[in-house]
S.K.: 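This is the structure I want to talk about, given as structure tokens.
Here, residue 1 is the first one in the sequence, and each next residue gets the next number.
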Amino acid sequence: MSKSLQIGSAQAKARRPLIAVPLLVEDATMFQAQITQFNQCQADVIEWRIDAWHFFADLIKLMPQLLGQFNKPVLVTYRTQDEGGLTAFDQNLYRQLNQLAITNGASAIDIEVAHLGVMHDLRTLAYQNQVTVIGSKHCLGPAQADVQNILAELVKLPVDVVKFAEAVQTSTETDALLTATRAISLGTDKPLITMGMGAAGQRSRTIGYQYGSQLTFASLTKASAAGQLSLSDLCKALNMNEK
């Protein structure tokens, strides 16, 4: 059975998953305008989507100082365009930004499994700095017919946590994702994060924890994926009266 997911000081509980809110800002001015709101919100984790940044040369200079302004655990994510993000994959930039995140206070980083082979040094650096590595895979086309087999292969990878998201069009596809999540979570100690993207998959974002998915995403200012609920709506769905 999967062990409890922990990102920094935040730990998933049986009664509800961890909640992460994505921060997508283009520059330091937007960052300063939103950071207080994110720090004070009800979420457990802030996912800083650095692929939204416009001028990476500036981000490289500013990242250490900006990371110091978070008062919640931070998951740093460079989501590539191939997997639904805003920036094309650049191997040197991907490595440099993740190295900065690891060595300047991030609690976790997201590495797309498609790039794990060339990013093995990041896994070593993260381990040395006690930073959680989430290995992610996003399927944006038709729902996968073999979700359980995909998850079974993902949990074999040298990452701390597995994240799998797929676009779903029907309740049946969502059910298949949830069922596969449960089956794999019972057979591995590696924490899982799974979700169905799109309106048909919203249910996976609110009840996925009952099947073994230990973190869900909600929007505070801007959604980062199709079907993502607002933080207030997600908290209501999870019957959260307090953090």
S.K.: Which atom pair, heavy atoms only, marks the closest approach of Met197 to Cys139?
M.R.: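 Looking at all heavy atoms of both residues, the shortest contact is CE-O, 3.8 Å.
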
S.K.: Please check if Val147 and Val168 belong to a single hydrophobic cluster, counting links between Ile, Leu, Val, Met, Phe, Trp and Tyr side chain heavy atoms closer than 4.5 Å.
M.R.: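 Val147 does not cluster with Val168.
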
S.K.: Report yes or no: do Ser219 and Gln228 form a side-chain donor-acceptor pair below 3.5 Å?
M.R.: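 Looking only at side-chain atoms, Gln228 and Ser219 do not form any donor-acceptor pair under 3.5 Å.
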
S.K.: Classify the angle between the aromatic ring planes of Phe31 and Trp48 as parallel (below 30°), tilted (30 to 60°) or perpendicular (above 60°).
M.R.: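 Ring orientation, 0 to 90° scale: tilted.
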
S.K.: Between Tyr78 and Tyr94, what is the ring plane arrangement, given parallel below 30°, perpendicular above 60°, and tilted in between?
M.R.: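 Plane angle between 30° and 60°, so tilted.
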
S.K.: Spell out, yes or no, whether Leu66 and Ile46 are grouped together once hydrophobic residues are joined by side-chain heavy atoms under 4.5 Å, including indirect joins.
M.R.: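 Yes; Ile46 is reachable from Leu66 via cluster members.
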
S.K.: Looking only at heavy atoms, what is the nearest atom pair of Arg15 and Tyr209, with distance?
M.R.: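 Heavy atoms only, the tightest pair is O-CE1, 3.4 Å.
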
S.K.: Between Ala20 and Leu215, which heavy-atom pair has the shortest distance, and what is it?
M.R.: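 Distance-wise, the nearest heavy atoms are CB-CD2, 4.0 Å.
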
S.K.: Could you verify whether a donor N or O on one side chain and an acceptor N or O on the other, from Thr221 and Gln37, lie under 3.5 Å apart?
M.R.: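 No, no side-chain donor-acceptor contact under 3.5 Å.
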
S.K.: Going only through I, L, V, M, F, W and Y residues with side-chain contacts under 4.5 Å, is there a path from Ile60 to Val74?
M.R.: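 Yes, same cluster.
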
S.K.: Taking salt bridge (Lys or Arg N to Asp or Glu O under 4.0 Å) as the cut-off, I'd like each qualifying pair that reaches into residues 96-111, sequence neighbours left out, listed once.
M.R.: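 Non-adjacent pairs meeting salt bridge (Lys or Arg N to Asp or Glu O under 4.0 Å): Arg79-Asp110.
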
S.K.: Does any donor atom in the side chain of Thr194 or Thr181 lie under 3.5 Å from an acceptor atom in the other side chain?
M.R.: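 Thr194 vs Thr181: donor-acceptor pair found between side chains.
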
S.K.: When clusters are formed by joining ILVMFWY residues with side-chain heavy atoms under 4.5 Å apart, either directly or through shared neighbours, do Leu59 and Phe89 land in the same one?
M.R.: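 Yes, one cluster joins them.
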
S.K.: May I have the list of side-chain donor-acceptor pairs in residues 100-109 shorter than 3.5 Å, sequence neighbours left out?
M.R.:
| unit_1 | atom_1 | unit_2 | atom_2 | d |
| --- | --- | --- | --- | --- |
| Thr103 | OG1 | Gln99 | O | 2.8 |
| Asn104 | ND2 | Leu100 | O | 2.9 |

S.K.: Provide the closest heavy-atom pair for Glu83 versus Ser136 in the form atom of the first, atom of the second, distance.
M.R.: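 Minimum heavy-atom separation between Glu83 and Ser136: OE1-O, 4.1 Å.
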
S.K.: Tell me which pairs pass salt bridge (Lys or Arg N to Asp or Glu O under 4.0 Å) where either residue lies in residues 163-184, with sequence neighbours left out.
M.R.: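 Passing the test, one end in residues 163-184: Asp175-Arg203.
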
S.K.: Taking all non-hydrogen atoms of both residues, which atom of Asn129 and which atom of Leu125 are closest, and how far apart?
M.R.: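 Smallest heavy-atom distance, with atoms named: ND2-O, 2.9 Å.
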
S.K.: What are the two closest non-hydrogen atoms of Ser2 and Gln214, and how far apart are they?
M.R.: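 Looks like CB-NE2, 3.8 Å.
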
S.K.: Please identify which of these residues, Val162, Leu157, Val113, Leu151, meets the side chain to side chain contact (heavy atoms under 4.5 Å, CB included) condition with Lys137.
M.R.: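 Going through the options one by one, the only one that passes is Val113.
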
S.K.: When you look at Leu178 and Gln210, which way does the side chain to side chain contact (heavy atoms under 4.5 Å, CB included) test go after all the steps?
M.R.: CA-CA 9 Å; Leu178 293 171; Gln210 299 174 12; over 6 Å; no

S.K.: Got a salt bridge between Asp44 and Arg16, using NZ or NE/NH1/NH2 to carboxylate O under 4.0 Å?
M.R.: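 Between Arg16 and Asp44 there is a salt bridge, with a charged N closer than 4.0 Å to a carboxylate O.
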
S.K.: Would you check if the side chain of Lys72 reaches a backbone N or O of Ala10 as a donor-acceptor pair within less than 3.5 Å?
M.R.: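 No.
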
